[in-house]
**Q** 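Let me begin by handing over the structure; questions about it come next.
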Amino acid sequence: MPAQIISGIETAKSIREELAIEIADLKTRHGLVPGLVTILVGEDPASQSYVAAKNKTAHALGIHSEQVTLPAETSEAELLAIVGEYNANSAIHGILVQLPLPRHIDEAKVLFAIAPQKDVDGFHPVNVGKMMLGQQCYLPCTPHGILELLQRSGVETSGAEVVVVGRSNIVGKPIANLMLQKRAGGNATVTVCHTRTKDMDFHTRRADILIVAAGVPKMIKGNQVKPGAVVIDVGVNRIGQAENGKAVLAGDVDFQDVVDKVSAITPVPGGVGPMTITMLMKNTVQAARQAAGMI
Ligand code: NAP
């Protein structure tokens with residue numbers, strides 16, 4: 001049977017439709033407009049395009065969105081002061097500081113300064129801790145998107161051998177933790193691989209669900225996956241430029257080499273990517289509900 005292509009574009013579209021209805025309802029019945037601010041420091045082109053996409057999506061869904069664009073020379077103190085202002089701004093429920101920040105700014109300090117109840121990226125230690133404890137919190141957007149993709153594609157995680165390649169704070173560690181949680185969408189047996197893993201193939205070949213977030217283009221080949229596995233490719237790697245100037249992207253999985261062996265797989269682009277922004281919107285709506293005492 002051909003592999004199911006798990007489309008992040010389609011899943012994200014369904015979630016956005018649900019969110020648009022919820023946001024319209026919050027507005028008309030409760031006079032509540034979810035508000036998001038994105039703060040960008042510097043002129044990194046990738047960051048600029050991510051922030052623009054976030055604001056465009058927020059706007060399309062009826063979320064009030066503000067964008068603060070600061071020069072690369074902005075001091076840490078100036079940035080912290082701006083975060084403080086938005087912490088106190090009742091029209092703003094979610095604050096997103098686009099990473100990476102220029103080197104002279106301590107990222108951890110800035111993320112810690114965001115009020116945990118407005119931390120819609122889910123990077124504040126309070127939210128990370130709550131996630132670990134299985135408590136209500138903002139889940140980081142990319143792992144949250146992977147959970148939704150698996151659940152909405154009908155992939156059973158309970159009792160599954162899940163292997164995660166990568167242990168970053170934004171993808172690998174949180175998705176491993178979420179797969180482990182004692183609740184629906186979790187209950188998996190989880191292994192995490194990284195650059196010091198002795199025999200990575202041994203692990204990837206026994207994965208019922210293989211989640212790859214390494215940042216190495218096409219590193220996972222067909223002979224490294226178990227027949228019938230579900231493969232989630234988080235990687236987004238620019239491997240060239242098309243004639244129209246657009247970046248040519250590849251995942252961390254060699255799609256062509258793997259697709260005939262597996263039962264389901266996410267493409268790149270169009271897999272996990274579209275889910276990340278959508279989950280940011282979902283978290284912003286959750287933040288607005290929470291601020292209004294509705295959760
Ligand atoms: P990261 O911070 O660079 O972490 C990469 C992880 O992969 C590290 O833990 C590293 O191990 C491990 N790794 C690298 N090469 C490996 C190898 N050959 N064998 C085994 N493990 C290896 O990356 P990230 O931020 O998690 O991002 C990973 C990928 O996902 C990137 O392509 C990124 O662009 C993409 N991404 C996509 C989205 C989205 O929305 N679709 C969101 C976030 C990230 P060590 O810890 O030992 O160094």
Side-chain angles (χ1 to χ4, degrees), residues 23 32-132 137-145 168-174 215 236 238 247 273 276-292:
I23 292 163
L32 178 63
V33 180
L36 172 71
V37 63
T38 55
I39 303 174
L40 172 66
V41 187
E43 282 157 17
D44 175 59
S47 293
Q48 281 174 335
S49 77
Y50 291 145
V51 164
K54 286 165 188 174
N55 282 294
K56 193 174 157 202
T57 308
H59 189 71
L61 289 177
I63 290 175
H64 165 73
S65 77
E66 295 181 19
Q67 181 175 342
V68 178
T69 308
L70 302 166
E73 313 76 63
T74 303
S75 71
E76 187 180 283
E78 283 167 324
L79 179 57
L80 289 171
I82 290 168
V83 168
E85 278 168 30
Y86 279 103
N87 279 341
N89 181 338
S90 60
I92 294 296
H93 306 102
I95 301 173
L96 178 136
V97 176
Q98 184 65 42
L99 303 179
L101 289 169
R103 282 183 176 195
H104 64 276
I105 299 178
D106 182 344
E107 257 176 33
K109 205 166 167 184
V110 174
L111 294 179
F112 194 66
I114 297 172
Q117 66 274 19
K118 295 194 176 189
D119 167 43
V120 284
D121 240 349
F123 292 158
H124 191 287
V126 165
N127 284 312
V128 176
K130 286 185 171 180
M131 176 192 69
M132 213 166 130
C137 63
Y138 300 112
L139 297 180
C141 299
T142 301
H144 196 179
S168 71
N169 289 337
I170 62 166
V171 190
K173 279 185 205 161
V236 179
R238 284 157 210 263
T276 299
I277 291 183
T278 303
M279 302 328 286
L280 174 70
M281 303 303 139
K282 202 174 163 91
N283 283 352
T284 304
V285 174
Q286 183 186 331
R289 279 185 175 281
Q290 227 156 279

**Q** Taking side chain to side chain donor-acceptor pair (under 3.5 Å) as the test, write out the residues that go with N55, two or more places apart.
**A** T38, S65, Q67
**Q** Say whether, by atom type as modelled, one donor and one acceptor occur between the side chain of Q117 and the main chain of A291 under 3.5 angstrom.
**A**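 Not at all, since once roles are kept as given, no pair shorter than 3.5 Å links the two residues.
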**Q** When rounded to the nearest 0.5 angstrom, what distance separates CG in N127 from CG in L139?
**A**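 Rounded to the nearest 0.5 Å, the CG-CG separation comes out at 8.5 Å.
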**Q** Side chains of K118 and Y86: does their closest heavy-atom pair fall under 4.5 Å?
**A** no
**Q** Compare every heavy atom of M281 with every heavy atom of A58, then report the nearest pair and how far apart it is.
**A**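 Looks like CA-SD, 3.6 Å.
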**Q** How long is the span from the CG atom in L32 to the CZ atom in R289, to the nearest 0.5 Å?
**A**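 Here the rounded value is 8.0 Å.
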**Q** Over all heavy atoms of both residues, which pair between K130 and C137 is shortest? Give the atoms and the distance, please.
**A** CB-CB, 3.7 Å
**Q** Side-chain contact, heavy-atom cut-off 4.5 Å: E66 with I92?
**A** yes
**Q** To the nearest 0.5 Å, what is the distance between CG on L99 and CG on D44?
**A** 11.0 Å
**Q** So, for I23 and G62, which heavy atoms are closest and what is the spacing to 0.1 Å?
**A** CG2-O, 3.7 Å
**Q** Is the closest side-chain heavy-atom distance between L280 and L36 below 4.5 Å?
**A**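 SC-SC contact between L280 and L36 confirmed.
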**Q** Would you say the side chain of L70 lies within less than 4.5 Å of the side chain of I82, judging by non-hydrogen atoms?
**A** yes
**Q** Starting at NE2 of H144, measure out to CE of M131 and round the result to the nearest 0.5 Å.
**A**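 Rounded to the nearest 0.5 Å, the NE2-CE separation comes out at 12.0 Å.
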**Q** Which pair of non-hydrogen atoms, one from N283 and one from C141, has the smallest distance, and what is that distance?
**A**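 Taking N283 first and C141 second, the nearest heavy atoms are ND2-SG, 4.0 Å.
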**Q** Examine distances only and state if a side-chain atom of N169 and a backbone atom of F123 form a donor-acceptor pair shorter than 3.5 Å.
**A**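 Looks like no, no N/O pair under 3.5 Å.
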**Q** Check whether any side-chain heavy atom of M279 lies under 4.5 Å from a side-chain heavy atom of K282, and answer yes or no.
**A** yes
**Q** Please confirm whether the backbone N or O of P34 pairs with a side-chain atom of H64, one donor and one acceptor, at under 3.5 Å?
**A**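 Not a single qualifying donor-acceptor pair exists.
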**Q** What heavy-atom pair brings Q48 and L40 nearest, and what distance separates the two atoms?
**A** CG-CD2, 3.7 Å
**Q** Would you say the side chain of I170 lies within less than 4.5 Å of the side chain of T142, judging by non-hydrogen atoms?
**A** no
**Q** What is the distance from atom CG of D121 to atom CG of L111, rounded to the nearest 0.5 Å?
**A** 8.0 Å
**Q** Could you tell me whether the side chain of T57 reaches within less than 4.5 Å of the side chain of T278, counting heavy atoms only?
**A**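 No. Closest side-chain heavy atoms not under 4.5 Å.
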**Q** Check L80 against V110 and note the closest heavy-atom contact, atom names and distance.
**A** CD2-CA, 3.9 Å
**Q** Rounded to the nearest 0.5 Å, what separation is found between the OG1 atom of T74 and the CD1 atom of I105?
**A**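 If we round to the nearest 0.5 Å, T74:OG1 and I105:CD1 are 6.5 Å apart.
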**Q** In sequence, state the C-alpha distance, the side-chain angles, and the governing distance for N89 and V37, and then conclude on side-chain contact (heavy atoms from CB on, under 4.5 Å).
**A** CA-CA 10 Å; N89 181 338; V37 63; over 6 Å; no
